[in-house]
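FYI, the numbering just counts along the sequence from 1. Since we're looking at a predicted model, the values are computed, not measured.
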Amino acid sequence: MRKNVYFMECTINTHKNMFNLGWQALYRASVPEWPTWLAIVFCYGSWWSLGYWLYPVAPWVALAGLAIVVAFHSSLQHEAIHTHPTPSALCNEVLLGLPLGLAYPYRRYRETHLRHHDDEHLTDPHADPESYYWDGNDWAKLGRVYRFLLSINQTLLGRLLLGPLLGSVRFFITDMRRIAAGNRGVALAWVIHAVSILIVAIIVTRGFHMSFWLYALGPAYIGTSLIGMRSFCEHRWHDATGGRTVIVEGSLLSFLFLFNNLHSVHHRYPGQPWFRMRKLYYADRTAWLTLNHGYVFKGYRAILWQYLLRAKEPLLHPAQQTSGEKHQS
């Protein structure tokens, strides 16, 4: 892998909040990110144009377009977490913290996602906040209805239809317990989120002249569902850490996901921006497929065909065993 000079280590520590950068340093670091700046302008411009101009004359087309923009904005939030377009966490939060998808507080997404990037514990339900696996003991405590819904959620159709609801409700309940236990950081994140939702609601109802609930159940929910298409196969359990992260090649959805479909590349080099992912990957495709032990799909159509109505894998983590029973790590 290292034989190719294309593989560049990130010079910025993505796990630090760089609030104290001087303006000149901030400017110098941000200029090379011009593709991300253009993507941000395109995203917000499209969101406003679809809601303000198109919705009154072609509402169904506008709603569909807004759902795509919500998904694209989520991809940009992911870039912001990894210090794009600026190395300042505060600047990136101002730029992309507005919750167009409504469900998740940006600060909490940032915190949990950076924890997710501990590849040694990737997929471990006790250490990886984005794992869909369950620990056997925790699974045994769940009710039958919830188990049934989670089982449906392991199919792609279930993930698209139920995933945003199950994920956001579980996230909300978990965070409310943290707040009740006295976690002020989580509480602040939700206060900022509530104010941000109010801003979105004002724009939607006063600017777009759209029902907030229509926006929430339409573009916001469907946009989050589209991101569920990307994340559905992103990770699996494998003994080797490199084998836990997917590569989805040649997809028309690549730009919507800002090339996060080349997910193994992103996990190897989390500080690299989206517009370098393809170059990094195709510099030595064979090496990448060796690194991730052949966990590759030829586009999202292959995933759709294989898992639309079939569970991707068991919910219980294959690596852990309790009382002789396999369960999730």
Side-chain angles (χ1 to χ4, degrees), residues 1 4-12 14 29-44 46 67-87 92 95-96 100-101 109-110 113-114 116-117 119 122 130 156 223-236 242-292 294-304:
M1 181 69 67
N4 286 290
V5 298
Y6 288 106
F7 295 119
M8 300 166 285
E9 292 289 358
C10 179
T11 59
I12 296 172
T14 60
S30 302
V31 167
E33 292 275 352
W34 63 265
T36 307
W37 287 104
L38 287 180
I40 292 170
V41 172
F42 171 76
C43 179
Y44 286 124
S46 298
I68 294 172
V69 171
V70 167
F72 187 61
H73 183 263
S74 177
S75 298
L76 283 168
Q77 286 189 320
H78 174 261
E79 289 296 305
I81 287 168
H82 290 286
T83 68
H84 312 292
T86 85
N92 291 345
L95 286 168
L96 288 157
L100 302 192
Y109 176 31
R110 181 177 64 200
H113 184 70
L114 292 177
H116 162 74
H117 269 272
D119 281 8
L122 200 59
E130 297 183 13
L156 181 56
T224 305
S225 180
L226 287 173
I227 292 298
M229 166 74 83
R230 189 207 74 207
S231 63
F232 181 73
C233 281
E234 274 186 349
H235 297 290
R236 65 173 180 177
R244 299 174 191 174
T245 307
V246 76
I247 291 288
V248 181
E249 295 181 322
S251 172
L252 295 175
L253 297 174
S254 295
F255 180 67
L256 178 65
F257 300 148
L258 292 179
F259 298 98
N260 210 17
N261 52 298
L262 304 175
H263 207 55
S264 186
V265 183
H266 169 63
H267 267 259
R268 182 76 169 180
Y269 298 102
Q272 291 298 320
W274 62 274
F275 50 84
R276 291 179 185 159
M277 290 296 106
R278 280 177 54 83
K279 185 175 182 179
L280 286 167
Y281 177 64
Y282 286 106
D284 196 342
R285 177 178 177 272
T286 301
W288 282 112
L289 297 185
T290 300
L291 176 71
N292 88 334
Y295 187 35
V296 59
F297 292 91
K298 299 293 185 180
Y300 288 96
R301 184 180 301 177
I303 297 174
L304 185 71

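- Under the side-chain contact (heavy atoms from CB on, under 4.5 Å) criterion, I227 pairs with A71, S74, S75, R230, F257, not counting sequence neighbours.
- Going from atom OG1 of T224 over to atom CE of M229 covers 14.5 Å, rounded to the nearest 0.5 Å.
- Inter-residue side-chain proximity for Y295 and C233 is flagged as met; some heavy-atom pair is nearer than 4.5 Å.
- The distance from atom CG of L280 to atom OH of Y269, rounded to the nearest 0.5 Å, is 7.5 Å.
- For the pair F42 and V69, the minimum side-chain heavy-atom distance is 4.5 Å or more.
- In plain terms, the two heavy atoms of F72 and C43 that are nearest each other are CD2-CB, 3.8 Å.
- Partners of R278 under the side-chain contact (heavy atoms from CB on, under 4.5 Å) rule, at least two apart in sequence or in another chain, are F259, L262, Y282.
- The shortest non-hydrogen separation linking P32 to F275 is O-CZ, 3.7 Å.
- Interatomic distance, CG of L96 versus CD1 of I40, reported as 4.5 Å (0.5 Å rounding).
- The salt bridge (Lys or Arg N to Asp or Glu O under 4.0 Å) test applied to E130 returns no partner, not counting sequence neighbours.
- Partners of W37 by side-chain contact (heavy atoms from CB on, under 4.5 Å), not counting sequence neighbours, listed by chain and number: S30, E33, P85, T86, L95.
- Residues N261 and Y300 form a side-chain contact, since some pair of their non-hydrogen atoms from C-beta on lies under 4.5 Å apart.
- Between Y44 and H73, the gap from one ring centroid to the other is short of 6.0 Å.
- Checked against D119 for a side chain to side chain donor-acceptor pair (under 3.5 Å), the options H235, R268, H267 give a single hit: H267.
- Remark: S264 pairs with T245, I247, W288, L291, N292 by the side-chain contact (heavy atoms from CB on, under 4.5 Å) rule, at least two apart or across chains.
- Taken from OG in S231 to NE2 in H78, the straight-line distance is 11.0 Å, to the nearest 0.5 Å.
- Every residue two or more places apart in sequence or in another chain was checked for a side chain to side chain donor-acceptor pair (under 3.5 Å) with E79, and none qualifies.
- Side-chain contact between L114 and H82 is present, with at least one heavy-atom pair separated by less than 4.5 Å.
- The aromatic rings of H117 and H113 sit perpendicular, their planes meeting at an angle over 60°, well past the 30° parallel limit.
- Using a 4.5 Å cut-off on side-chain heavy atoms (C-beta onward), W274 and N260 make no contact.
- Across all their heavy atoms, I68 and L256 have their closest contact at O-CD1, 3.5 Å.
- A distance of 14.5 Å separates CZ in R276 from NE2 in H266, rounded to the nearest 0.5 Å.
- Side chains of L156 and I303 form a contact here, defined as non-hydrogen atoms less than 4.5 Å apart.
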